[in-house]
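By convention in this document, chain letters (A, B, ...) are assigned in the order of the sequence lines, proteins followed by strands, and residues within each chain are numbered from 1. Computed from a prediction, not measured in an experiment: that's the story for all the values here. All values below were derived from every heavy atom in this structure, side-chain atoms included, with hydrogens, water molecules and symmetry-related copies excluded.
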2 protein chains.
Amino acid sequence: MEQEQGREILRRLRLKVTPRRLEVMRCLGEEQAYLSAEEVWNRIRPVLGSIGLPTVYRILDELAEAQVVTRIFRSDRTQYYFLCPNQEHHHHFICESCRRVEDVDRCNLDGVAGEIARRSGGLVTSHILQINGVCGECSRLGEGGRGRDAA
Amino acid sequence: MEQEQGREILRRLRLKVTPRRLEVMRCLGEEQAYLSAEEVWNRIRPVLGSIGLPTVYRILDELAEAQVVTRIFRSDRTQYYFLCPNQEHHHHFICESCRRVEDVDRCNLDGVAGEIARRSGGLVTSHILQINGVCGECSRLGEGGRGRDAA
DNA sequence: TGTTTAAATGAAAGTTATTTTTGTTTATAC
DNA sequence: GTATAAACAAAAATAACTTTCATTTAAACA
């Protein structure tokens, strides 16, 4: 994520271009993986000198609202965030070992909305689809390998 | 959910058949909608005389682990639970207005695993798919209607 | 280039869903 | 019946966020 790209995204969202927002985006963009709010905070604090954790939460919420950042679901009741400037409708493949995220273009859910409408008259407005697994690199490291989240 | 069905499920899971577990299942089975742990607690306390909230959490976790109960994702960082004894692979359509849940059999994700394997060598182990919308009944109530969660 | 003003931020305190701990009770195998 | 491992209650603790309010700053405009 180039700084100019970050500026453009913020201008498009009618958000002020501030060093904190740019730095949150730069930090997330540097990873191909998802991070928690606190992890983002720890990485950008040294760069910015000082930033409050609530500010990080606010920025991530704004970006998630605007769908520049995707929320990742895990069962530890912590929210994780992944910068994904791809605005086409798509989904994500999440590595359970190293947290890497890959885009998945295929989305065969169009038929589902029709089925629901036909069967009970319901209306589909959105869906959550997250594909979990082990990425190619972690697979190749084999059973002996240990990912970022391994015990 | 008949009591005998609950007993069978617990025996299958090698869990002791206790009044609390049966009551949690009965309470959830009475609804076609999802509930939070605290909501379950408030409904079963009068019946059981007394039960601790941590016990409700433990029971729901066990049942979710065994996939007798499904976790429902919402953005309020509260976990919701839905009793779904249907053990076939399927997904859920969630009404944003009244919390009703319908099963959705269709799941076209088989192709996705192949795509990921081919492209980057990754291995898919699970996926989260939740379809959000407004159920037929709430749709028919029209704009003037107000669901359980409406302001 | 100043000035203005709404938006952004820091710091501290607050909230709340969920978990842990420890001592007691109970379902079940024998 | 009795032994024993599992279940449970109660209270306290944890941790991820959120709110509040006083201060600062980006950006529109004079």
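- Using five terminal pairs a side, the axes of the helix from dT1(C)-dA30(D) to dC30(C)-dG1(D) at its two ends make an angle of 40°, given in steps of 10 degrees.
- Residue-level contact check: Arg21(B) touches the backbone only, with heavy atoms under 4.0 Å from sugar-phosphate atoms and none from bases.
- Counting to the nearest Å, the P atom of dT25(C) and the CZ atom of Arg20(B) are 13 Å from each other.
- Separating the CG atom of Leu63(A) from the P atom of dA8(C) is a distance of 12 Å, rounded to the nearest angstrom.
- Distance OH (Tyr57(B)) to C1' (dA13(D)): 15 Å, rounded to an integer number of Å.
- Atom CG of Leu13(B) and atom C1' of dA6(D) are 15 Å apart (whole Å).
- Between Arg58(A) and Glu62(A), no side-chain nitrogen of the basic residue sits less than 4.0 Å from a carboxylate oxygen of the acidic one, so the salt-bridge criterion is not met.
- Residue whose closest nucleotide on DNA chain C sits further toward the 5' end, between Arg77(B) and Leu15(B): Arg77(B).
- In this structure, CD1 of Ile59(B) is placed 14 Å from C1' of dT26(C), rounded to the nearest angstrom.
- Remark: Gln32(B) CD is loosely packed, at most 12 non-hydrogen atoms of other residues, nucleotides or ligands lying under 6.0 Å away.
- Across the protein-nucleic acid pair, Arg74(B) atom CZ and dT18(C) atom P stand 12 Å apart, rounded to whole Å.
- Among the heavy atoms of the strands lying under 4.0 Å from Ser50(A) are primed sugar atoms or P, OP1, OP2 only; no base atom is included.
- Looking at Glu8(A) and Arg12(A), no side-chain N of the basic residue comes within less than 4.0 Å of a carboxylate O on the acidic one, giving no salt bridge.
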Please tabulate, for side-chain N and O atoms in residues 81-93 of chain A, each donor-acceptor pair with protein atoms closer than 3.5 Å (sequence neighbours left out).
unit_1	atom_1	unit_2	atom_2	d
Asn86(A)	OD1	Glu88(A)	N	2.9
Asn86(A)	ND2	Asp103(A)	OD2	2.9
His89(A)	NE2	His91(A)	NE2	3.2
His89(A)	NE2	His127(A)	NE2	3.4
His90(A)	ND1	Glu88(A)	O	2.7
His90(A)	NE2	His92(A)	NE2	3.2
His90(A)	NE2	Asp103(A)	OD2	3.4
His91(A)	NE2	His127(A)	NE2	3.1
His92(A)	NE2	Asp103(A)	OD1	3.3

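- A sub-4.0 Å separation between OP1 or OP2 of dT26(C) and a side-chain N or O of Thr18(B) is absent.
- Heavy atoms of Asp76(A) sit nowhere under 4.0 angstrom from any nucleic acid atom.
- Both Glu38(B) and Val17(B) sit near DNA chain C, but only Glu38(B) has its closest nucleotide nearer the 5' end.
- Regarding Leu48(B), its CG atom lies at a distance of 13 Å from the P atom of dT26(C), rounded to whole Å.
- Within 4.0 Å (heavy atoms only), Leu53(A) reaches no atom of the nucleic acid at all.
- Atom CH2 in Trp41(B) sits about 13 Å away from atom C1' in dT16(C), given to the nearest Å.
- Counting heavy-atom neighbours within 6.0 Å of Glu137(A) CD, excluding the residue itself, gives a total of 12 or less.
- Nearest nucleotide to the side chain of Lys16(A), out of dA7(C), dG10(C), dC8(D): dA7(C).
- Here ring pair (Phe, Tyr, Trp, His ring centres under 6.0 Å) pairs that include residues 47-69 of chain A, with residues two or more places apart or in two chains, number zero.
- Side chains of Glu102(A) and Ser120(B): a donor on one and an acceptor on the other come within 3.5 Å.
- Between Arg58(A) and Pro54(B), the residue anchored nearer the 5' end of DNA chain D, judged by the nucleotide with its closest heavy atom, is Pro54(B).
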